[in-house]
Amino acid sequence: MSNIWKSGDRLNIDEVLKQRFGHSQFRLGQREVIETVLDGEHVIAVLPTGTGKSLCYQLPAYILQQPVLIVSPLLSLMEDQVQQLKAKGEKRVIALNSFLSKSEKQQALERLSTYRFIYVSPEILQNPFIIEALKKVNIGLFVVDEAHCISQWGHDFRLDYLQLGDVSESLGRPTCLALTATATPAVIDDIMTQLKLADVKRLIYSVDRPNIALQVQRAEDFEHKKELLLQYVRKLKSPGIVYCSSRMWTETLALFLKDHGIKNVAFYHGGMEQDQRMLIQHQFLQNQLNVICCTSAFGMGINKPNIRFVIHFHLPIQMEAYLQEIGRAGRDGSDSLAVLLHSEKDDELAYSLMEMELPHPDVIKEVLLYIKTFQRSSYERVDLSLLEQHLLQIAHIHEVHWRFIRYHLEKNGVIHHRIVKTDFNVEKLTWVIARVVAERMDHKYAKFRAVKQMVVNTDCRREFLLHYFGQQLQRKPANCCDRCGIEFLHYETTRNEQKQNQWEFKGWKEELASLLRQSE
DNA sequence: CGTCAAGCTCTTAGGAGCTTGACGGTGCTCTAAT
C-alpha cells in the first residue's frame, strides 16, 4: 500500500480541519482515528453516538490523493451526506445507487476517478461492473459506516454485508476504516472476521452517554403500558420518540395519544409511502412534531440535537438496538430521559420477530426440492432470475429467507456466477443450512436474554449496559438510572413550553409542498 | 412461537368446537454494460 502520509501532514490535519470544516478542535477520538488511517493502518473505531464520525473519513479525503469509498446502509443516509458535503462546497462527491438512471450511472462510472467521495450500498458492490470500475480508480480508503450492520444485519437480513471482505480484497486491500457507535468486543471480532482484516487497530471510546438518564419500568400488560406512556408524554419535555416493535402499534399509539389531547403526534414505519416517510422525518427535524411513534425504521442518521426523551414501548431484541435508539436523545448535551416499558407479554413479539428472520428447515427443504423440479421442467439451464421469480411469487418464499438460502447455496458452490447446479443432495444440504439457522437462533436468543437480564437486574442500569459492551463506568452522573435515583422534575415540561408546541397540521400535500419550497 | 380471525364440521338450523392460515422490524437492487 502506498503511504500517502508525508512529513508535515500531521500538522496539516489541524489546518484542514479549520479550513475545510471550520472547527478549531477535534472531538474525542477523531484525531487518533484520522492519524491512524493516514498511517495506513486498518481501524475499527467505536465512538459514542453524535460525536462526528463522518469527519474521521472526510478529513483524510483531503490529504489522500485517492478517492474514498464509503459503504453506507441507507440510501437516505447517503443522500444526506452527499448534500452536506455539497453544501460545504465539495463537488467531487457521488452516491452510486438506484437513484441514478442507467445513463447517469454509466456517466458516473466513466468519470469515477474524478470523485473524492464515492458512496455505495453493500448491495451494489455485488455488481461486477461496478467492482471493475472501482478497481480502476485505486481507492485510497475503504470506509464502512455504521459497521455494526455487518454483524447485526449481515448474517440474515442483508447478506451482502458479509461480502465486504471479498470486495475490499478485490479492490487491492485499501486501508479500511469501520465506524460504529455500538459494538461489543464480540461484535468487533465479527466485524474483523467479516472484513477479513488480520491486523486492525481498535480505537474504542466509551459508549456511555451521561446526560441520558435510564429508566426501566414494569407494566402489567399493554393497557397499563398505554396509561404509563400517556403520563410520560404529558409530563416530559418534548420532542421525543416512542419505539414500538410492530407497525400496527405505532399507528395505535399515535392515535391513542392524539385522542388523549397530545398535539403533533405522528407515526412512522417501513410500510409507509416514501414521501410520507420523508415528510414525517422533515417535520420532526424542524420541530413541528412533538412525538413520533415508530419502529426501528426511524432514526439511523437522525442528527436532531434536542430530542428530550426516548420511550421503548416494547423490549428491543438486542442491547445494541437499545443503545442505538436511546442514543438519539440529548445530542445537544442537555439532560434527556430514556424509558423502557416492559411486561411479560413482550417476549411473544420478540420471539416471533427473531424466528421470522430465518427460514424454518421445512422451508429450506422446500426451496431445494423446488430447484430440483424446476430444473427438470426447464429445457435449458436453470435461469436464476426465473427461478427467483417462481420461488417468490408461486412458492411464496419470503424474500429475506430466499436471500439467506441463496447466500448459502453460493457458499456451498450450488450457485456460481448465476448458474445453478442441481446435482446436490437435498437432505444433506438442508441439514447444512439448517445448522447455520440453529446457530443463529441460539445467538439471537442469547442476545435477547441480555436485554431481559438488564430489565430484572437490581443494580445500576448504566453499569450493566456498559458492562455488556465490555466497558466500565467512569463517573456516575447525578441522574443515572431508576436504581440509583432520578430527579423527575428535571425532565418535566412547563406550561409555557407546552404552549410553544402548538402547531397546526395542514395535510400531507400542503406540508410536503411547503417543505419543497423551503429547500429550493 | 402465539394470537386471532376465518372457515369447516357436526348435527340437525343455532352454535359449539375444531383446524387452518396469516401475521408479526429492519432495505437494497433488479442481470446490463464501447
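Convention: sequence-line order gives letters A, B, ...; per-chain numbering from 1. All values derive from a computational prediction rather than experimental measurement.
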### Message
Looking only at the side chain of R277(A) (C-beta and beyond, no hydrogens), which of the listed nucleotides dG27(B), dT29(B), dT26(B) gets closest?
### Response
dG27(B)
### Message
If I take atom CD1 in residue I419(A) and atom C1' in nucleotide dT31(B), what distance separates them, rounded to the nearest angstrom?
### Response
13 Å
### Task
Would you mind classifying the nucleic acid contact of L384(A) as base, sugar-phosphate or nothing, using non-hydrogen atoms under 4.0 angstrom?
nothing
#### Entry: S385(A) vs W153(A), nearer the 5' end of DNA chain B by closest nucleotide
W153(A)
### Message
When the C1' atoms of dT26(B) and dA33(B) are compared, how many Å lie between them, rounded to an integer?
### Response
32 Å
### Query
Does dA13(B) have a Watson-Crick or wobble partner in any strand here, with both distances under 3.5 angstrom, and which is it?
none
#### Entry: Sugar-phosphate only, base, or nothing, as touched by P122(A) at under 4.0 Å among non-hydrogen atoms
nothing
### Query
Does a sphere of radius 6.0 Å around NE2 in H398(A) hold more than 12 heavy atoms from other residues, nucleotides or ligands, not counting ones at 6.0 Å or beyond?
no
#### Entry: Atom CZ of R92(A) with >12 non-hydrogen neighbours under 6.0 angstrom
yes
### Query
Rounded to whole angstroms, how far apart are CG on L349(A) and C1' on dT26(B)?
13 Å
### Query
Between F424(A) and K372(A), is there a cation-pi geometry (under 6.0 Å to ring centre, at most 45° from the normal)?
yes
### Message
Suppose you measure atom P in dC30(B) against the same atom in dC8(B); what distance do you get, rounded to whole Å?
### Response
44 Å
### Query
If you check every side-chain atom of A297(A), which of dT26(B), dC1(B), dG25(B) has the closest atom?
dT26(B)
### Query
Is D347(A) touching bases, backbone alone, or none of the nucleic acid, heavy atoms closer than 4.0 Å?
nothing
### Query
Is the number of heavy atoms from other residues, nucleotides or ligands within 6.0 Å of NZ (K226(A)) greater than 12?
yes
### Message
Which label fits F284(A) and F298(A): parallel for a plane angle under 30°, tilted from 30 to 60°, or perpendicular past 60°?
### Response
perpendicular
### Message
For a quick test of reading the model: is some side-chain N or O of R247(A) closer than 4.0 Å to OP1 or OP2 of dT26(B)?
### Response
yes
### Query
Closer than 4.0 Å, any side-chain N/O of S121(A) to the OP1 or OP2 of dT29(B)?
yes
### Task
Indicate whether the side chain of R209(A) and that of S336(A) have a donor and an acceptor atom separated by less than 3.5 Å.
no
### Query
Between S98(A) and dT29(B), does any side-chain N or O lie under 4.0 Å from OP1 or OP2?
yes
### Task
Could you check whether E399(A) gets within reach of a base, just the sugar-phosphate, or nothing at all, counting any heavy atom under 4.0 Å?
base
### Query
Which base sits across from dC30(B) as a Watson-Crick or G-U pair, both distances under 3.5 Å?
none
### Message
Can you see if the side chain of S246(A) gets near the phosphate of dG25(B) - specifically, an N or O under 4.0 Å from OP1 or OP2?
### Response
yes
### Query
Does dC18(B) have a Watson-Crick or wobble partner in any strand here, with both distances under 3.5 angstrom, and which is it?
dG7(B)
#### Entry: dT12(B) and dG17(B), which share atom name P, separated by this distance in whole Å
14 Å
### Task
May I ask you to verify if any side-chain N or O of K444(A) is less than 4.0 angstrom from the OP1 or OP2 atom of dC1(B)?
no
### Summary
Scanning all shown strands, the Watson-Crick or wobble mate of dG2(B) with both distances under 3.5 Å is dC23(B)
#### Entry: Out of dC28(B), dT31(B), dG25(B), whichever nucleotide has its closest atom nearest the side chain of R418(A)
dT31(B)
### Task
Classify the side-chain pair Q324(A)/H148(A) by whether it contains a donor and acceptor separated by less than 3.5 Å.
yes
### Task
Using whole Å, report how far CD of E79(A) lies from C1' of dC28(B).
13 Å
### Message
Under 4.0 Å, heavy atoms only, any strand: does M248(A) hit a base, just the sugar-phosphate, or nothing?
### Response
sugar-phosphate
### Task
Taking only the side-chain heavy atoms of K102(A) (C-beta and beyond), determine which of dT26(B), dA32(B), dC28(B) contains the nearest atom.
dA32(B)
### Spacing of the C1' atoms in dA16(B) and dT11(B) (rounded, Å)
11 Å
### Message
Between P on dC28(B) and CD on Q152(A), what's the gap in Å once rounded to a whole number?
### Response
15 Å
### Query
Does the ring of F313(A) carry K225(A) above it, NZ/CZ under 6.0 angstrom from centre and within 45° of its axis?
yes
## Note on the structure
To the nearest angstrom, the CG-C1' distance between L387(A) and dT31(B) comes to 15 Å
### Task
Classify the side chain of T295(A) versus the base of dG25(B) as yes if they form a donor-acceptor pair under 3.5 Å and no if they do not.
no
## Note on the structure
Result for 5'-nearest mapping on DNA chain B, choosing between R406(A) and S352(A), is S352(A)
### Query
Starting at CD1 of I124(A) and ending at C1' of dG27(B), how long is that distance when rounded to a whole Å?
13 Å
### Query
Rounding to a whole Å, what distance do you find between F298(A):CZ and dG27(B):P?
12 Å
### Task
Classify the nucleic acid contact of E348(A) as base, sugar-phosphate or nothing, counting any heavy atom under 4.0 Å across all strands shown.
sugar-phosphate
### Query
If you measure from the P atom in dT29(B) to the same atom in dG24(B), how many Å do you get, rounded?
25 Å
### Spacing between H396(A) atom NE2 and dC23(B) atom P, to the nearest angstrom
11 Å
### Chi-based syn or anti call at dC30(B), which uses purine or pyrimidine torsion atoms and a 90° bound
syn
### Task
Using a heavy-atom cut-off of under 4.0 Å over every strand shown, decide if L109(A) touches base, sugar-phosphate, or nothing.
nothing
### Query
NA contact type, F157(A), heavy-atom cut-off 4.0 Å: base, sugar-phosphate, or nothing?
base
### Query
Side chain of Q106(A): nearest nucleotide among dG24(B), dT34(B), dG27(B)?
dT34(B)
